[in-house]
Enquirer: 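Just dropping this structure here.
Worth saying up front: this structure is predicted, and the values here are computed from it rather than measured. Any value given below was found using the heavy atoms of this structure, including those in side chains, with hydrogens, waters and symmetry copies removed.
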Amino acid sequence: MRVISIDPAIRNTGYAVLEGDYREARALEYGTLSLKKDLPQSACLLEIHRHVCALIDTWQPDELAIEAIIYVQSHRTAISMGSARAATVIAAAEKGLAIMEYPPLCVKQAAVGRGHADKSQVAFMMRAILGLDETPAPDAADALAIGYAHLSALNPLQAHAFAKRKYI
């Protein structure tokens, strides 16, 4: 199984490409698409869309995993996150990929073993689990964790832990 996973945001979108299954996963590529603050939001969305399309064309994944929308205190933040998420979903849908979303608590549970872990714990565990040479940046680590949660959800013994995942 090969999966592209995305942690969507207007300015710093984390992405990862993982391959394997719930027993053994490896990162093929990961990073953060960082966009300048003076770039209009519409240009950011276009760049996110293009980047996800390029990842799909390069890596030919089986599926795409993305973080589910979370509660945020600012409506403005929620709208911009939703827009970045939409740019990703449209790119994957155009390429015919199945798209699976995971709530943040499930992602952290898969990565760290508890749903309320902080970003540094997620990054540390992704380095350890995936055998990375360096600790990934926070947005890239979140994308790696989303991909790892997706591969972990395929474990029949863990199906109950991912009951809230869904295809979109």
Enquirer: Taking the side chain as C-beta and beyond, is there a heavy-atom pair between M81 and P8 under 4.5 Å?
Expert: no
Enquirer: Looking at every heavy atom in both R85 and E67, which two are closest together, and how far apart are they?
Expert: NE-O, 3.2 Å
Enquirer: Just one of V122, L144, L132 clears the side chain to side chain contact (heavy atoms under 4.5 Å, CB included) bar with R127, so which one?
Expert: L132
Enquirer: Could you tell me which residues satisfy salt bridge (charged side-chain N to carboxylate O under 4.0 Å, His left out) with R50, sequence neighbours excluded, listed by chain and number?
Expert: none
Enquirer: Kindly indicate, with the supporting measurements, whether the criterion side-chain contact (heavy atoms from CB on, under 4.5 Å) is fulfilled by R2 and D62.
Expert: CA-CA 5 Å; R2 184 175 287 174; D62 300 302; 3.8 Å; yes
Enquirer: Can you list the residues that meet the ring-ring contact (aromatic ring centres under 6.0 Å, His included) rule with H49, with sequence neighbours excluded?
Expert: none
Enquirer: Where is the tightest heavy-atom contact between K119 and P138, given as atom of each residue plus distance?
Expert: CD-CB, 4.1 Å
Enquirer: Do any N or O atoms from the side chain of R11 and from the backbone of K36 form a donor-acceptor pair under 3.5 angstrom?
Expert: yes
Enquirer: Among H116, K108, R114, find the one that has a side chain to side chain donor-acceptor pair (under 3.5 Å) with Q121.
Expert: R114
Enquirer: Over all heavy atoms of both residues, which pair between A84 and I48 is shortest? Give the atoms and the distance, please.
Expert: CB-CD1, 3.9 Å
Enquirer: Mind checking whether I90 and L33 sit in one hydrophobic cluster, side chains of I, L, V, M, F, W, Y counted as touching below 4.5 Å?
Expert: no
Enquirer: Check which hydrophobic residues are tied to I10 through side-chain heavy-atom contacts below 4.5 Å, counting indirect links as well, and list them.
Expert: L45
Enquirer: State plainly whether the residues D21 and R23 are in salt-bridge range, i.e. N to O under 4.0 Å.
Expert: yes
Enquirer: If I take atom CD1 from residue I4 and atom CD1 from residue I6, how far apart are they, to the nearest 0.5 angstrom?
Expert: 6.5 Å
Enquirer: Do I66 and L64 have side chains that approach each other closer than 4.5 Å (heavy atoms only, starting at C-beta)?
Expert: yes
Enquirer: Report the residues that fulfil side-chain contact (heavy atoms from CB on, under 4.5 Å) with F124, sequence neighbours left out, ordered by chain and then residue number.
Expert: none
Enquirer: The criterion is side chain to side chain donor-acceptor pair (under 3.5 Å); which residues satisfy it with E29, sequence neighbours excluded?
Expert: W59
Enquirer: Should we say atom CD of E24 is surrounded by more than 12 heavy atoms from elsewhere, each under 6.0 Å from it?
Expert: no
Enquirer: Taking the side chain as everything from C-beta on, heavy atoms only, tell me whether L35 gets closer than 4.5 Å to N12.
Expert: no
Enquirer: Under 4.5 Å side-chain heavy-atom separation, chaining through any Ile, Leu, Val, Met, Phe, Trp or Tyr, what else clusters with L105? Say none if it is isolated.
Expert: none
Enquirer: Identify the two heavy atoms, one from S5 and one from A143, that lie closest to each other, and give their separation to 0.1 Å.
Expert: OG-O, 2.6 Å
Enquirer: Do L130 and L18 touch side chain to side chain, with heavy atoms closer than 4.5 Å?
Expert: yes
Enquirer: Give the C-alpha distance, both sets of side-chain angles, the deciding distance and a yes or no for side-chain contact (heavy atoms from CB on, under 4.5 Å) between V52 and Y15.
Expert: CA-CA 8 Å; V52 173; Y15 64 89; over 6 Å; no
Enquirer: Show the nearest heavy-atom pair for residues A140 and G31, with the distance to one decimal.
Expert: CB-O, 3.5 Å
Enquirer: Determine the minimum heavy-atom distance between V3 and A65, stating which atoms define it.
Expert: CG2-N, 3.9 Å
Enquirer: Answer yes or no: is there a side-chain heavy-atom contact under 4.5 Å between M1 and E19?
Expert: no
Enquirer: Is there a side-chain contact between Y102 and M100 in this structure, where contact means two heavy atoms from C-beta onward sitting under 4.5 Å apart?
Expert: yes
